[in-house]
Amino acid sequence: MSVPTSVPDNLSLAAQIENLLASLAKDRSIGFPAARDIDYGPTLPLFRMLINNVGDPETAPDTAHTKAYEREVLNWHADLFRAPTGDRWGYLTGDGTEANQAAILLARDRFAGADPVLYYSQATHYWINKTAGMFGLPEVVIRTDNTGEIDYDDLRGELARRRDRPAIVVANAGTTVTEAVDDPVRIRSILSDLAIRKNHLHVDGALAGVPLVLLPERPVALDLDAVIDSVAISCHKFYGTTITGGLVLTRRSLQRAARRIAYTATTDTTIGGSRTGQLAVQMWYVMRLFGEDGHRERAEQARETARYAHSLLASIGWPAWRNVHAFTVYFTTPPLTIARRHGLSNADGGISHLICMPGVTRQQIEALVADIATVKGTDQPGPSRGVRRLVPVAQLPLSAERP
C-alpha cells in the first residue's frame, strides 16, 4: 500500500484531501481483517456533526446522541450470543481492545480483594498482556498447539496450581495469526473439575465471534446464558465500519453498582467517557441492511474465498494451512517484496497470513499466488525453526486444512 509518508505543504487544503483519498483508495491489502463489501455512504452525513453517546447506553445525556440505535445493536447481538433476555448488558466501545478491557475490568471487580489471576494463551492479542499490567492482574500465559488453539492440559495444570484464587480466563474466537478458536465448553469443564467456583470466562471474538455464531450448527458454544460470561467483538472487522469500534456484552447481574454522574446526566459504566454516536448508527444500518441471513451469507462467501486461496496455494506447492471455518489462510512467508505488494501480515517464525474478509476477491488471491509462483523453486524460503514450532510441517500433509 502506498500512502504519503509526510504531509505535503505545496497543495491547497482541498487538494491535500483529494490526494489522501486517492492514496487510501489504492489500498487492496489482504493481510488486515477489515471487510470491504459494505457501502456506508448513507451514514456519512452524520460525520458533519458531533454526536456523543457519553455514559451508559440506557441513560440519556443532554448532548446529541444515538443511544436508541445503540440499544438496538446491543440487543440484536445479545440475541446472537444468547444472553438471557432479562440479564444482558453491554456498550459500543472505541475498538476491540477497549471491549476486551471492559470485560476484564468487570471480571477483576467481581473478585475484588480475592487476588484473581488472568489466564490467556500465547496466541492471544498482545493487548491482553498490556491490560493485565494496567489493571494490576497477575497473569499466566498458556501454551498453544500447532494451530494456535489453547493447550487445555497446560491450562488445567496452571489452574490447578492456583485453585484457591479466582480465575479470569480469556478464550479466543479467532487468534490474530491463524484464526484459531478455543473451546469455551472444554474450559468451563476444566474449571468445574477443579472446583474453581470463582471464575470468569471471557471470549475475545474480535474477528470470528459473530461469523461463528451465525453458523447454523454453532460449532463453538459462545452462549452468554450458560457457557461464557462476556464477549468482545470488533465492529470494523466483520462489519467494516468506517471508524474503529468494538462491542462488549455480558450479563448485567455480574456488574457492580455504578455511579450517577450529575454533569453528564448519565450512569458511569464505561471505560471511556465520551463515545462516538456515529458508530451506533453504522452498526444499526448494517444490521438492518443485511439481517442475520445476509450476514450469514457474507460470512460463508468469505469462507469460500479462503478455501479457494488455500487450494490455490496448494496447487503450486506452497506450504499453507487453514483452520476450519476460518477466513484466514496462513503460509510460509514469501519474499518481502511480494508480502509488501499485497499487504500481507508477517508473524514471527516465517509465517504470513491473508484474511479473506468479505470484499476480498478471487482476483486478489490469484494475483498473490501468481507472484508467489514466480519465485517457487528459486528463492522459496524453507521452514525456519520458528515455523516448525508453530506448524510442524513433518506432521502435516502439504497445505493441510486443519479440522
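When reading the values below, keep in mind they use all heavy atoms of this one structure, side chains included, and skip hydrogens, waters and symmetry mates.
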Is the closest side-chain donor-acceptor distance between T267 and T269 under 3.5 Å? no
Reported CD1-to-CE distance for the pair I271 and M134, which is rounded to 0.5 angstrom: 7.5 Å
Under 3.5 Å, side chain of D87 to main-chain N/O of S253, donor-acceptor pair present? yes
In chain order, what residues pass the side-chain hydrogen bond (donor to acceptor under 3.5 Å, both in side chains) check against T244, with sequence neighbours excluded? none
Applying side-chain contact (heavy atoms from CB on, under 4.5 Å), run through V181 and H325 and close with a yes or a no. CA-CA 10 Å; V181 177; H325 303 306; over 6 Å; no
Can you find a heavy atom in the side chain of E292 that is under 4.5 Å from one in the side chain of E297? no
Look at E300 together with R303 and state whether they make a salt bridge at an N to O cut-off of under 4.0 Å. yes
Rounded to the nearest 0.5 Å, what separation is found between the CG atom of L46 and the OH atom of Y40? 13.0 Å
Flag, side chain of K198 to backbone of F111, donor-acceptor distance under 3.5 Å: no
One thing to verify: whether R88 and D79 come together as a salt bridge, which I'm taking to mean a side-chain N less than 4.0 angstrom from a carboxylate O. yes
Here the gap from F331 atom CZ to L354 atom CG, rounded to the nearest 0.5 Å, amounts to 4.5 Å
Is there a side-chain contact (heavy atoms from CB on, under 4.5 Å) between L106 and L254? Walk through the geometry before answering. CA-CA 8 Å; L106 178 148; L254 301 183; 4.0 Å; yes
I want to check something: taking the side chain as every heavy atom from C-beta on, are L313 and V369 in contact at a cut-off of under 4.5 Å? yes
Can you give me the closest heavy-atom contact between G291 and W76, atom names plus distance? C-CZ2, 4.0 Å
Once rounded to the nearest 0.5 Å, what's the spacing between atom CG of D56 and atom CZ of R260? 9.5 Å
Does D109 have any side-chain hydrogen bond (donor to acceptor under 3.5 Å, both in side chains) partners at least two apart in sequence or in another chain, and if so, which? none
Shortest non-hydrogen contact from T66 to I51? CG2-CG2, 3.6 Å
Salt bridge (Lys or Arg N to Asp or Glu O under 4.0 Å) against R165, all qualifying residues, sequence neighbours excluded: D115
Under 3.5 Å, is there a donor-acceptor pair between the side chain of R71 and the main chain of P57? yes
Side chains of F135 and Q101: closer than 4.5 Å at any heavy-atom pair? yes
Quick one: side-chain hydrogen bond (donor to acceptor under 3.5 Å, both in side chains) partners of H65, sequence neighbours excluded? none
ring-ring contact (aromatic ring centres under 6.0 Å, His included) partners of Y119, counting only residues at least two apart: none
Please determine whether a side-chain nitrogen of the Lys or Arg among E179 and R322 lies less than 4.0 Å from a carboxylate oxygen of the Asp or Glu. no
Carefully, step by step, assess D183 and R188 under the rule salt bridge (charged side-chain N to carboxylate O under 4.0 Å, His left out). CA-CA 9 Å; D183 185 351; R188 180 63 71 195; over 6 Å; no
To the nearest 0.5 Å, how far apart are CD in Q278 and CZ in F47? 5.0 Å
Between the side chain of R296 and the main-chain N/O of L214, is any donor-acceptor distance below 3.5 Å? yes
Taking only Lys NZ, Arg NE, NH1 and NH2, and the carboxylate oxygens of Asp or Glu, determine whether R143 and D153 approach each other closer than 4.0 Å. no
Electrostatic pair D268:R259 at N-O distance under 4.0 angstrom: yes
Quick one: ring-ring contact (aromatic ring centres under 6.0 Å, His included) partners of F81, sequence neighbours excluded? none
SB check R275 E70 (cutoff 4.0 Å): yes
Nearest 0.5 Å, what's the CD-OG1 distance between E139 and T131? 10.0 Å
Acceptor/donor pairs from residues 206-213 side chains to any protein atom, 3.5 angstrom cut, sequence neighbours excluded:
none

Short side-chain donor-acceptor distance under 3.5 Å, H202 and N100: yes
Show the nearest heavy-atom pair for residues G55 and T270, with the distance to one decimal. O-CG2, 3.9 Å
Is E304 close to R307 at the side-chain level, that is, under 4.5 Å between some pair of heavy atoms? yes
If the condition is ring-ring contact (aromatic ring centres under 6.0 Å, His included), which residues does Y120 pass it with, not counting sequence neighbours? none
Does some side-chain heavy atom of Y152 sit less than 4.5 Å from a side-chain heavy atom of I190? yes
For F290, side-chain contact (heavy atoms from CB on, under 4.5 Å) partners two or more places apart: I38, V286, H295, R298
Shortest non-hydrogen contact between A99 and V248, atoms and distance: O-CG2, 3.5 Å
Are the side chain of N323 and the backbone of T178 linked by a donor-acceptor contact shorter than 3.5 Å? yes
Please answer whether the main-chain N or O of L344 pairs with a side-chain N or O of H342 as donor and acceptor at a distance below 3.5 Å. no
Restricting to side-chain hydrogen bond (donor to acceptor under 3.5 Å, both in side chains), what partner residues turn up for R362, sequence neighbours left out? none
Partners passing side-chain contact (heavy atoms from CB on, under 4.5 Å) against E18 (at least two apart in sequence or in another chain): none
In short, L201 meets A171 closest at the heavy-atom pair CD1-CB, 4.3 Å
Closer than 3.5 angstrom, by distance alone: can the side chain of N199 be matched with the main-chain N or O of A167 as a donor-acceptor pair? no
Which residue is it: Y239, W284, F238? I am looking for the one with a ring-ring contact (aromatic ring centres under 6.0 Å, His included) to H77. Y239
Should the heavy atoms of other residues, nucleotides or ligands under 6.0 Å from CG of L336 be counted, would the total exceed 12? yes
Would you say the side-chain atoms of Q282 and T242 include a donor-acceptor pair closer than 3.5 Å? yes
Validation row: I187, L191 side chains within 4.5 angstrom (heavy atoms): yes
Nearest heavy atoms of T333 and S352, plus distance in Å: OG1-OG, 3.0 Å
Donor-acceptor pair, E98 side chain versus G94 backbone, under 3.5 Å? yes
Main chain of V177, side chain of H353: is a donor-acceptor contact present, judged purely on distance under 3.5 Å? yes
Test ring-ring contact (aromatic ring centres under 6.0 Å, His included) applied to H200 - qualifying residues, sequence neighbours left out: none
Side chains of K67 and T266: does their closest heavy-atom pair fall under 4.5 Å? yes
Side chain E158, main chain L155, donor-acceptor under 3.5 Å: no
Answer with yes or no whether the side chains of N172 and T124 bring together a donor and an acceptor at under 3.5 Å. yes
